[in-house]
Amino acid sequence: MKASTAMWRAALLFLCFTTGLARADTVYVLNSGDASISVVDVTTFAEVRRIPLLREAHHIVLSPDGRDLVLGDSAANELIFLDPTTGEIRRRERISNPYHLEFSPNGRYLVVASLRRDQIDIYEAATLTLIHRIRQRDKPSHVAFSPDSRWVYVTLQGTRQVSAVDLSNGSVAWVQEVGPEPAGIIWNRGKLLIGLMGRQEFVTLDPATREVRTAFRVGRGAHTAFPAPDGRTLYATSRVDSRIAEVDAETYEVRRVFEIPGGPDCIAFDPEGRIYATLRWTGRILAFDPRTGESAQARVGRSPHGIFVVPQREGVAVDFAYAAPGAISGSRPMAQPVVGGGAIVRVAVPPTPVAAPAVATEVADRAPAPTPGTVSATPASATAPR
């Protein structure tokens, strides 16, 4: 590993100097077990700074205007807004148990899944006004949107289900069983792709018919999938068998499986498609180039979870991933990639059509009874990884 790390660092230094970059990319890592953010410089692939938090942060996203990195300190009940370029904490906002969070593709809503408090909260993104609170039976975990921002889909780890919420009125339209311990969920080519931590596979869920099918197997603790910037590939993680699978985004064929000790969890990409992944069980992050196989690891804090790569180069903005073909997939899928090749070009977000009441509307499991889906016993991939 030492030789590999040295080669990786040399390659990164060569890239920086030959392209005339003034600064290298910055990687932000949320250390859930240490209540901190590690700031990693990719030229040395070492932690250069640690930003203290209050309790326990998990996930990090980009604000709709590209100005802030927004992370949830779930145990401290607050959102933190971070300057992507400097790492400066701009402000903190009180929010109930923000475990997983994401902005809708049109920038109008912020949806928070509250794992500990069994609720889904819908906020007006511009003002952080709570519009709807939806009580759920057990462990709302991860969220994903439809590209038109009409629907948000939330996995319920404790009940084996996915809940579909209509963002226009905050009502639960349906709840569908998908398998044990559903965790990560993304939109991909008109369907939802869900990792089942209680099994080895990812399943698809058709939101129109609610049909459930096995997509592919990656290993025990199947967690979540991330679309590569090129739009042709998904990378899916297995936290227990400790793997990252390279999957065809169209056919779900498993092309390659990489054995990654340490429990790979969240993944982020740089503009060239290199992978940066948190390793939950070893307190490290991984840098990996799937084109060459070169890799390196850097020590960060305990139980690293969320991760975000900020490019520090001419002509590439922090929202480069939303300008790439892969932006049509993911937890915040774009109806079409943003204009400008990574430079932020946004249409003004219209006012929220639902007037925010003085007290948020609260929905408590009003969904109709779930309709059983069809679960195929055979994965779409030709061969399951061993």
Check your understanding: Which residues satisfy the side-chain hydrogen bond (donor to acceptor under 3.5 Å, both in side chains) test with Arg160, sequence neighbours excluded?
Key -> Glu177

Point to revise | Any residue meeting salt bridge (Lys or Arg N to Asp or Glu O under 4.0 Å) with Arg220, in chain and number order, not counting sequence neighbours | key: Asp241

**Study point:** Partner set under side-chain hydrogen bond (donor to acceptor under 3.5 Å, both in side chains) for Thr204, not counting sequence neighbours
**Key:** none

Practice item. Could you pull out all residues at least two apart from Arg189 that satisfy salt bridge (Lys or Arg N to Asp or Glu O under 4.0 Å)? Key: Glu250

**Study point:** Listed partners of Phe103 passing ring-ring contact (aromatic ring centres under 6.0 Å, His included), at least two apart
**Key:** none

Study note, to complete from the structure: Residues at least two apart in sequence or cross-chain that pass ring-ring contact (aromatic ring centres under 6.0 Å, His included) with His223, listed by chain then number, are His142

**Study point:** Partner set under salt bridge (Lys or Arg N to Asp or Glu O under 4.0 Å) for Asp206, not counting sequence neighbours
**Key:** none

Review point. Who passes salt bridge (Lys or Arg N to Asp or Glu O under 4.0 Å) against Arg91, sequence neighbours left out?
Key: Glu93

Review point. Partners of Asp148 by side-chain hydrogen bond (donor to acceptor under 3.5 Å, both in side chains), sequence neighbours excluded?
Key: Ser146

Check your understanding: Given a cutoff of under 4.5 Å between side-chain heavy atoms of I, L, V, M, F, W and Y, with clusters grown through shared members, what are the other residues clustered with Leu115?
Key -> Tyr99

Exercise for review: For the residue pair Asp166 and Arg150, establish whether any side-chain heavy-atom pair is separated by less than 4.5 Å.
Suggested key: yes

Check your understanding: For Glu88, what residues pass the side chain to side chain contact (heavy atoms under 4.5 Å, CB included) criterion, not counting sequence neighbours?
Key -> Asp83, Thr86

Point to revise | side-chain hydrogen bond (donor to acceptor under 3.5 Å, both in side chains) partners for Ser242, two or more places apart | key: none

